[in-house]
Amino acid sequence: MGTPWSHRFAYRTATVKSSAIRELLKLTQRQEVISFAGGLPAPDVFPVARFEQACQRVLEQHGPQALQYSTTEGYLPLREMIAQHLRRYGILATPDNVLLTSGSQQALDLIAKLLINRGDRVLVEAPTYLGALQAFNVFGPDYVTVPVDDDGLRTDLLEDALRAGPKFMYILPNFQNPSGVTLSLQRREELVYLSDKYGVPIVEDDPYGQLRYEGQHLPPLVVLDRENLRRDDGYALGNVIYLSTFSKTLAPGLRLGWIVAPQEVIAKLVQLKQGADLHTSTFVQMVAYEVARDGFLDEHVKTIRHVYGERRDLMLDALAEFFPAEVTWTHPHGGLFLWVTMPEGADGNQLLKEAIREDVAFVPGDCFFPKEGDGLRNFRLNFSNATPVQIREGIRRLSVALKAQVGKCELVMA
Ligand SMILES: Cc1ncc(COP(=O)(O)O)c(C=O)c1O
C-alpha cells in the first residue's frame, strides 16, 4: 500500500479545513429546498442577450487577440473604464493603479501572499467574509477581531486592537457580508485617522457598494485616507488597497474583479499573479468590456437595485410577520444579506439541521468568525437569489424551525 497523500501535503494546508457546513449545505441542492444560503445573484437578471451579442462582437472584431495570451495587468480598455468609473466616487486612480483579477477572491489570495507572514496579526471585523478567512488562513495569520454593530466596525474598540500591531486591517464598509451593516461616515473618518496614527494599512473590500437601496452613498475609505489627503498630487492611493468585482453587478461566472492600489503594490501583485495564472482570461475581459460599455452597466445596476431592493423589503416584511419576538435582525441599506440574532443559548448549526427538514437553508453565523464558538446564535440570510414567492414561503418554513429552537433555549434558561 502506498503512503497516504495527506503525509505529503505542505504544512500550510493544515490550517485549511473542510467545513461541516458545506457538507450540510450539499443537502440543500434538492429542488424543493428554498435556499437563503449562498451569496448568489438572481439568475433572472443576468443580461444573457447582451452577453451573446458581446461574445459575437469580440470574436468578429478581435478574434485572434481575444483567444491569445495577454498582459498580467489586464485588458487596457477595461482598466481605463474601471479607472473612469472610480473617479465618479472620488477615487483618482489611473489604469496603472488597476490590476484585473480572477474575481475578488483571487485578489484576497494575492494580497494574503503579498502581506502575511506566518504568525502575523491581521485585523478583521467580527463577523467577516468567510472567503477572506479561507484565503488568509493558508498563510497562518493570528487574527485580531473588532466587533461590528448597526453602524459597522466598533471604532471605539479599534485603538486597543491596533496596539496589538496588526499588519493590515480587512474592512467591508458597505452592506457587509455577512451582517449587511454599513460603516457610518463618522466611523469611516475615525478608522482612517487611526489607520494613519498607527501606520496600519487598510484592505477595503467593496463588492456591493453600487447596490444601495436606501440612504446616501458614503465616501470610500480610499478617498478619506489621510495619507492621500495630505498629498498635493490628488488621491494617490496612499494607505488603502481597494477591491471590487463584476460578480454582483454583471455575473459571478465571469470571475472578474480588480485591485486598486499604489503602483508599487500593483507591481508586486503582478509578479504574484504571474505565478498564479499568468493573467485573467483575455476573452472574458474583452466580453465584459463590450457588455459594460456605452452606459449599459449603469442601466443594468439600476435594474438590479430595483429587483433586490424589492426582495429585501419582502424579506423584512416576512421576518416581521413570522419570526418570534425574541429574535432580531439587521436592516441592510443595500447588498445581498441580512443577519439574524437569536436569544442566548440558541445554536445556528442545530437550527440548520432542523431547517433542512423543513426544506429551507441559510448559513449559520459561526462560519464568519475566526474564533471558534463565536456567532453561534447568529445566522445569515441572502435575499437576492430566491423569488418573491419563495422568500415569503422560505421565511415561514424557517420560522417553524426557529420557534422550536428558541423554545428549547427558553427551557434551558428556565
Ligand atoms: C466581501 C466579498 N469579497 C469578495 C467576494 C468574492 O467575489 P468574487 O466573485 O469577485 O470572487 C465576495 C463574494 O461573495 C464577497 O462577499
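Every number for a ligand or one of its atoms is a count from 1 in the order of the listing. None of these values were measured; they are calculated from a predicted model.
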With salt bridge (Lys or Arg N to Asp or Glu O under 4.0 Å) as the test, would you mind laying out the steps for Asp294 and Arg57 before giving the verdict? CA-CA 14 Å; Asp294 302 330; Arg57 211 168 317 133; 5.8 Å; no
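Assignment of Gly103 to the shell around ligand 1 is supported, since a heavy atom sits closer than 4.0 Å. In this structure, Tyr208 counts as a contact residue of ligand 1, since one of its heavy atoms falls inside 4.0 Å of the ligand. Put simply, no part of Gly39 is less than 4.0 Å from ligand 1, judged by heavy atoms.
A salt bridge links Glu299 with Lys302: the distance from a Lys NZ or Arg NE/NH1/NH2 to an Asp or Glu carboxylate oxygen falls below 4.0 Å. By the 4.0 Å N-to-carboxylate-O rule, Asp277 lies close enough to Lys273 to be salt-bridged with it.
Of all the heavy atoms of Lys248, the ones lying under 4.0 Å from any atom of ligand 1 belong exclusively to the side chain.
The closest protein non-hydrogen atom to atom 5 (C) of ligand 1 is Tyr129 OH, 3.4 Å. In terms of protein heavy-atom proximity, atom 7 (O) of ligand 1 is nearest to Ser104 CB, 3.8 Å. Among protein heavy atoms, atom 2 (C) of ligand 1 sits closest to Asp205 OD2, 3.4 Å. Remark: minimum distance from atom 9 (O) of ligand 1 to any protein heavy atom is reached at Ser247 OG, 2.6 Å. Ranking protein heavy atoms by distance to atom 1 (C) of ligand 1, first place goes to Leu172 CD2, 3.2 Å. Here the heavy atom of the protein found nearest to atom 11 (O) of ligand 1 is Arg255 NH2, 2.7 Å.
Arg118 contributes no side-chain N or O that, together with a main-chain N or O of Phe139, makes up a donor-acceptor pair within less than 3.5 Å.
Here the CG atom belonging to Leu352 is positioned 9.5 Å from the CG atom belonging to Leu398, to the nearest 0.5 angstrom.
Looking at Asn378 and Phe368, their side chains never come closer than 4.5 Å, going by heavy atoms from C-beta outward.
Dense packing is recorded around CD of Gln61, with more than 12 heavy atoms of other residues, nucleotides or ligands lying under 6.0 Å away.
With Asp109, Leu254, Thr128, Thr245 as candidates, the residue nearest to atom 10 (O) of ligand 1 on a non-hydrogen basis is Thr245.
Those atoms of ligand 1 that come under 4.0 Å of a heavy atom in Asn177, given as number and element, are 15 (C), 16 (O).
One side chain, Glu214 or His331, offers a donor N or O that lies under 3.5 Å from an acceptor on the other.
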